[in-house]
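Inspection log for the structure reproduced underneath, given as structure tokens.
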4 protein chains.
Amino acid sequence: MKIKDDNKINDIYAATLKLVKASGLAGITMQAVAKEAGVATGTLYIYFQNKDELIIRLFDVCVKNSASNFFKDYSVRDPFKVGFRTIWSNILQHRLSRFPESIFIEQCFHSPFIDEDTKITLKKMFDPLLELLNRGKREHLIKNIDTFWLLTFMIGGINEVAKRVVYFNKKLSVELMDQNFQMCWDGIKA
Amino acid sequence: MKIKDDNKINDIYAATLKLVKASGLAGITMQAVAKEAGVATGTLYIYFQNKDELIIRLFDVCVKNSASNFFKDYSVRDPFKVGFRTIWSNILQHRLSRFPESIFIEQCFHSPFIDEDTKITLKKMFDPLLELLNRGKREHLIKNIDTFWLLTFMIGGINEVAKRVVYFNKKLSVELMDQNFQMCWDGIKA
Amino acid sequence: MKIKDDNKINDIYAATLKLVKASGLAGITMQAVAKEAGVATGTLYIYFQNKDELIIRLFDVCVKNSASNFFKDYSVRDPFKVGFRTIWSNILQHRLSRFPESIFIEQCFHSPFIDEDTKITLKKMFDPLLELLNRGKREHLIKNIDTFWLLTFMIGGINEVAKRVVYFNKKLSVELMDQNFQMCWDGIKA
Amino acid sequence: MKIKDDNKINDIYAATLKLVKASGLAGITMQAVAKEAGVATGTLYIYFQNKDELIIRLFDVCVKNSASNFFKDYSVRDPFKVGFRTIWSNILQHRLSRFPESIFIEQCFHSPFIDEDTKITLKKMFDPLLELLNRGKREHLIKNIDTFWLLTFMIGGINEVAKRVVYFNKKLSVELMDQNFQMCWDGIKA
DNA sequence: GATGAATGAGCCTTCATTCAT
DNA sequence: TATGAATGAAGGCTCATTCAT
């Protein structure tokens with residue numbers, strides 16, 4: 001008997017992300033996913049109940065993946081600016097190296113696939129960063145603005161950098177990274 | 001003989017945007033657009049050759065609309081910071097008041113509807129702003145960073161604010177607007 | 001605009017019955033029904049929500065059709081034997097002239113299409129005949145057996161005659177009809 | 001090497017019959033049969049070449065089974081009425097105790113599984129009963145009607161009783177059996 | 001022999017597009 | 001122009017059958 005193969009699930013996820021990057025959620029067909037993943041259409045239905053479940057579970061994987069990458073090498077005992085820069089870099093790196101996942105998450109947001117509860121879960125992903133920003137405010141290192149908007153400001157900058165690197169095929173040198181971080185830091189610092 | 005009715009076209013555009021906001025480009029069907037717009041399916045094909053043309057022309061309208069709004073009340077003779085703030089506000093206002101258009105444009109980006117040339121056109125929309133930023137650099141008012149990334153930084157912040165206002169149902173008081181602008185300004189200023 | 005055509009529904013019903021007779025409920029595909037009815041597959045979905053609804057509504061039509069045929073030319077004021085013979089003939093005629101409908105109803109009985117409630121409705125179809133048989137018992141013309149089993153006996157004979165006429169390609173002469181009725185009558189008469 | 005297991009074949013047959021009773025021939029899938037029988041899908045194909053063969057061989061088993069049950073305890077040397085009653089009872093008992101087999105045979109009749117030759121074989125099953133009825137006519141005990149229709153009359157009554165016992169969940173007391181037989185007998189007797 | 005994952009043809013259904021009215 | 005019924009290609013999904021273990 002053939003054994004269910006977890007790698008196959010990853011192949012399917014990878015195929016889906018590739019197709020979403022190329023032509024959006026709208027462009028996904030189970031046929032196309034199967035072909036891209038190198039399996040038969042029916043095989044998809046061994047691993048996923050239906051198209052919805054495939055999308056939803058991939059969404060979940062992407063979110064969890066993000067969360068674990070964002071706080072890599074970060075410790076709450078780091079000095080504020082060190083920690084902040086670590087997370088800033090992690091998020092940017094993650095967005096860049098896994099750009100299709102970002103697009104996928106974004107497209108899922110405006111689709112019938114993802115429900116409101118799931119969206120809330122997504123928000124929680126940033127909790128440790130919110131904590132750090134609160135600490136920054138307590139230590140008078142950053143502006144006394146609602147943490148939600150500080151986070152918004154930081155994330156917005158990162159997202160747009162990642163998008164434009166990809167869309168306009170730019171290279172991000174260490175110097176550019178520094179410049180971009182500097183703008184972010186100058187923006188939030190007290 | 002009745003004349004092609006511009007109101008009807010606008011109804012169709014509005015219906016399309018509404019549906020895209022609710023369920024993404026993936027969720028759009030000509031039947032649904034027709035129903036939402038209050039016309040018969042066949043009528044869509046009087047005003048548009050096919051679905052592609054509907055999407056592309058709406059994309060075009062949205063882009064042109066943005067461009068005209070972004071530089072409203074702005075004059076190249078304004079002092080730098082005044083002009084910058086005007087444009088910053090215009091973009092944010094536009095994103096907020098016409099949020100579905102932003103989603104639509106974003107989703108079109110990763111879809112088979114929009115080709116590479118159109119994407120480049122989109123980029124040109126920001127030319128007057130690039131000019132202004134260049135002037136700011138010449139006047140040593142803002143950081144000496146590639147204008148592309150200064151723009152990126154500014155746009156990123158605005159987009160994320162708009163998204164979060166809508167997704168998390170926030171109100172933007174004048175004070176919050178000021179705080180957000182301050183972060184942006186501190187980020188780019190020399 | 002093309003107008004919805006009720007004849008089309010009848011064409012679809014006829015096509016379905018023909019296919020069920022030829023190869024059973026198992027052999028029905030929407031494609032085959034459409035082809036047999038001379039319409040496109042999609043057209044079926046204008047008139048019926050889905051395959052289930054097509055089956056269920058056809059079932060309903062067949063049942064109602066039977067009911068109206070069974071008691072044609074019958075009056076409760078007829079002498080018992082006259083009324084009984086009228087109904088007996090009607091049922092047999094109906095079974096013969098609309099044999100595919102009988103098969104269809106039978107096959108639906110053992111299918112996931114028809115629910116228990118619908119089966120009960122079907123039973124009610126025979127109420128006037130039950131009334132007549134009760135009267136026959138009161139008039140001491142027929143055996144004093146639970147009416148349910150008198151009905152069963154009558155119907156069983158008719159059904160089997162109809163089946164065998166069709167399956168074995170027999171002709172039913174007037175004489176044979178008389179002989180068959182005689183057996184039925186001798187069976188139930190007091 | 002293990003030997004093909006007859007019990008397994010019977011399990012498969014039983015599973016098939018159960019499923020046909022529940023949802024008709026249309027509702028049968030090899031997957032469902034395997035699951036119901038407690039074997040793997042692939043195992044079915046060790047015992048049967050394909051789905052058709054499974055159906056056809058089960059059909060055959062059911063028919064042979066019927067034939068052997070119908071004439072149990074019957075001897076051509078029995079007095080006519082004794083023999084007739086024996087067979088009548090046997091058929092009814094068989095229909096009742098193996099009701100799913102009857103449904104299965106009936107459904108097979110209107111399916112692409114069974115061909116015309118097989119249907120003729122089925123007819124031969126009743127030959128000893130036809131013989132008996134011919135003898136009854138020779139002995140002037142029963143009506144002088146074409147034996148085919150005498151048989152039809154008898155079988156029809158039995159089938160309908162069996163169906164209604166099952167569908168309407170009736171109990172058949174000895175008294176009711178007697179009453180039903182009486183109707184049959186009065187129907188055919190000279 | 002037994003298993004059940006894998007396959008892909010084919011079924012149900014949707015939807016872009018056409019066309020008779 | 002406007003309508004919406006009709007079309008049929010294509011997508012989601014199932015299931016008879018195969019095959020590696």
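Proteins get letters first, then strands, A, B, ... in listed order; numbering begins at 1 in each. All values derive from a computational prediction rather than experimental measurement.
If you check every strand for non-hydrogen atoms under 4.0 Å, D/Leu54 touches nothing. D/Phe48 comes within 4.0 angstrom of no nucleic acid atom, judged by non-hydrogen atoms across all strands.
Separating the CD atom of D/Glu53 from the P atom of F/dT17 is a distance of 11 Å, rounded to the nearest angstrom. Taking atom CG of residue A/Asn7 and atom P of nucleotide E/dA5, one finds them 16 Å apart after rounding to whole Å. In this structure, CD1 of C/Ile28 is placed 18 Å from C1' of F/dT14, rounded to the nearest angstrom. What separates CD1 of A/Ile12 from C1' of F/dC13 is a distance of 15 Å, to the nearest Å. Whole-Å rounding puts the C/Lys35 NZ to F/dG8 P distance at 12 Å. If you take NZ of C/Lys51 and P of F/dC13, they are 18 Å apart, rounded to a whole angstrom.
Between C/Tyr45 and E/dC15 there is no side-chain N or O to OP1 or OP2 distance below 4.0 Å. OP1 or OP2 of E/dT7 lies within a sub-4.0 Å distance of a side-chain N or O belonging to A/Thr43.
Under a 3.5 Å cut-off, the side chain of C/Lys119 and the backbone N or O of C/Ile114 do not form any donor-acceptor pair.
The shortest heavy-atom contact between D/Asn50 and D/Tyr45 is CA-CE2, 3.8 Å. Here the shortest heavy-atom pairing between C/Leu25 and C/Val20 reads N-CG1, 4.1 Å.
Candidate nucleotides E/dT7, F/dT7, F/dA2 were compared by shortest atom distance to the side chain of B/Tyr47, and F/dA2 ranks first. Relative to the side chain of A/Lys8, the nucleotides E/dA6, F/dT17, E/dC11 differ in distance, and E/dA6 lies closest. You'll find that the side chain of A/Met30 is closest to F/dC13, out of F/dT17, F/dT3, F/dC13. Comparing F/dT7, E/dA5, F/dC15 by their nearest atom to the side chain of C/Ile46 picks out F/dT7. Listed nucleotides: E/dC15, F/dT7, F/dC15. Nearest to the side chain of D/Thr29: F/dC15.
For the pair D/Ile28 and D/Lys51, the minimum side-chain heavy-atom distance is below 4.5 Å. Side-chain contact between C/Ile55 and C/Ser111 is absent, with no heavy-atom pair separated by less than 4.5 Å. Counting heavy atoms from C-beta on, the side chains of A/Leu54 and A/Tyr47 never come closer than 4.5 Å. D/His94 is listed as a side-chain neighbour of D/Asn65, based on a closest heavy-atom distance under 4.5 Å.
Side-chain rings of C/His110 and D/Phe104 stay apart, their centers remaining 6.0 Å or farther from each other.
Each of D/Leu44 and A/Gln31 has a nearest nucleotide on DNA chain E; the 5'-most of these lies closest to D/Leu44. Residue order along DNA chain F, read from the 5' end via each residue's closest nucleotide, puts B/Gly38 first among B/Gly38 and D/Asp52. Of the residues near DNA chain F, D/Asn50 and B/Thr41, the one whose nearest nucleotide (by heavy atom distance) lies more toward the 5' end is B/Thr41.
Consecutive Watson-Crick or G-U pairing (both distances under 3.5 Å) extending over three or more pairs maps onto DNA chain E as E:2-21 with F:2-21.
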